[in-house]
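Here is the structure we will look at, set down as structure tokens.
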Amino acid sequence: MRHYYQEDIETAPYEEIRRIQNEKIVRQVRHVYDNVKYYRDLMDQKGVKPEDIKGVDDIRKLPFLKKDDLRECYPYGLLATPLKDCVRIQSTSGTTGKRVVAFYTQHDIDLWEECCARAIVAAGGSDEDVVQVCYGYGLFTGGAGLHGGAHKVGALTLPMSSGNTERQIQFMMDLQSTILCCTPSYAAFIAESLRDRGYKPSDNKLKAGIFGAEPWTEEMRKSIEEGLGIKAYDIYGLTETSGPGVAFECSEQTGMHINEDHFYAEIIDPDTGEVLPEGEKGELVFTALDKEAFPLLRYRTRDICILTRGKCSCGRTHIKMCKPMGRSDDMMIIRGVNVFPSQIETVLLNEGYTPNYMIYVDRKNNTDTLDIDVELTPDQFSDNIADMQAREKTLASAMRTMLGIGPKIHLVPPKTIQRSEGKAVRVIDNRKLHD
Amino acid sequence: MAVKQLSVFIENKQGRLSEVLKGISESEVNIRALSIGDSEDYGIVRMIVSDLEKARALLGENILSKITSVVAVKMDDRQGALYKILRTLEEAGINLMYTYAFTSNKQFGAYVVLRVDDVEATERLLSDKGFELATDEEISG
Ligand SMILES: [Zn+2]
Ligand SMILES: [Zn+2]
């Protein structure tokens, strides 16, 4: 079996990676300065010239790009190549404000798909595999990225897109899919649907899953791995940086290797913008080293994360990022306390509940309220009210320990919380209605 | 000896109870007894029905239900019958989770349903003390 998609670069010594990065960044900054007026103006304002950037150590001199910059530049403002050289666009879901549209040359598509191919091979994939891609196809990068990656690996690709779970299961069983690619919440739903139809985890041929596009916890990983009888791998990426595959997990499952020959990662203090040393927690910032059409320099992801470089048992040398501890956008401030949905998910799964929940935040009498609807499983149902109330109390107190504030727990019947086929919506913050 | 009770978990929403019970009430299955325990969010409906399996099937897969053994005791007409039963349990240190009473269609007389941890021990105790226990057949038949 193949262990790497591109062994030379994936296992290159650090000095070699560094040399490649230094070479690429010099060229890239020149390319952006010459072709993107918006970024040239930012550099000029900061008094930085392309010739000041002699290697990746100088990246910290460059200005940051934020999501707001991307919105302001919509649609062509950050395009660095003539449109005739572009072959594709992908776009964010644009649930808040303007969409982000990212452009790709053929070189950019190849680079992106190679990154995804690395992820698939790291999950044990080869040309012998049947890869079922049930990320959404279309503008969303999930479907296109893994689809292209599976092709590069030479796997039989099932371009399912998301939804129609009945058909997903039929194809999974009839065509004996071995690798599943989708959001973790959809993977959990597929596992539940298989169980409902009387299938055991050993009845499917799946061996691995590559799950991303939304935050998920270690507890969720365990639950999916048991539910499908597979090993579950995390994958990371943003439309702004190309799509999934910027970083991916290996068999060690202790963080995602960043494809450093294409993406340079920094951790900064989100308040001051100061670059933090390796191992410290802060906001993840990416610089695309060799993308042509939409090459973002120092893009602030808003993901809170830690980077570590060390020896990995898989043999890869690229730096690892931990599972993002929550995107600053996902963070809720409730009664002055920072709360991440992932913390709530951790408690629920640890306490034996399903990953089906809905968080409601509101403000009543000038006080923030936190309510969590939690689905009950058949085993947990008791005909004795006192047992049920004790159950709510235990869960609420476990939440208080984790979050620092006490939520109100509402137990609801099984399968009453909306299942997600893509990115799950788990928080409804009604405070905005009153502001 | 023990009697089987069907318990159903429902959201505490207007009209939800009749919605859930619609199938059963329109069928030939007879609901002999019904009691509800509720909180702000949900209700737990406890029923003694004439055909347990059929009733469960009529609820459908999507309704959370379970079957529990309970003790049903006949109550005579005399005053303080319920008190005597409760007193007997208390003296024996048996924890009573909840209780409800109903009258049988077939036989003259009332029953009281007792939900306890140890059904067998409770039944033994009550028969020893001269109480008459009801069987599933008597109640649901
Ligand atoms: Zn590794
Ligand atoms: Zn409620």
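It should be emphasised that the depicted structure is a prediction, and the values quoted were computed from it without experimental measurement.
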Atom pairs, donor to acceptor, chain B/chain A, distance under 3.5 Å:
unit_1   : atom_1 : unit_2   : atom_2 : d
B:Glu40  : OE1    : A:Lys408 : NZ     : 2.8
B:Asp41  : OD1    : A:His410 : ND1    : 2.9
B:Asp41  : OD2    : A:His410 : ND1    : 2.6
B:Tyr42  : OH     : A:Glu392 : OE2    : 2.5
B:Arg46  : NE     : A:Asp383 : O      : 3.2
B:Arg46  : NH2    : A:Asp383 : O      : 2.7
B:Lys66  : NZ     : A:Phe381 : O      : 3.2
B:Tyr98  : OH     : A:Asp383 : OD2    : 2.4
B:Arg115 : NE     : A:Asp383 : OD1    : 3.4
B:Arg115 : NE     : A:Asp383 : OD2    : 2.6
B:Arg115 : NH2    : A:Asp383 : OD1    : 2.9

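Heavy-atom minimum distance, B:Leu64 versus A:Pro414: CD2-CD, 3.6 Å. Considering all non-hydrogen atoms of both residues, A:Leu411 and B:Phe9 come closest at O-CZ, 3.8 Å. Looking at every heavy atom in both residues, B:Val8 comes nearest to A:Phe381 through C-CZ, 3.8 Å.
Under the salt bridge (Lys or Arg N to Asp or Glu O under 4.0 Å) criterion, B:Glu53 pairs with no residue, sequence neighbours left out.
Neither the backbone nor the side chain of B:Val45 comes within contact range of chain A, judged by heavy atoms closer than 4.5 Å.
Atom CG of B:Leu82 sits in a crowded spot, with more than 12 heavy atoms from other residues, nucleotides or ligands closer than 6.0 Å.
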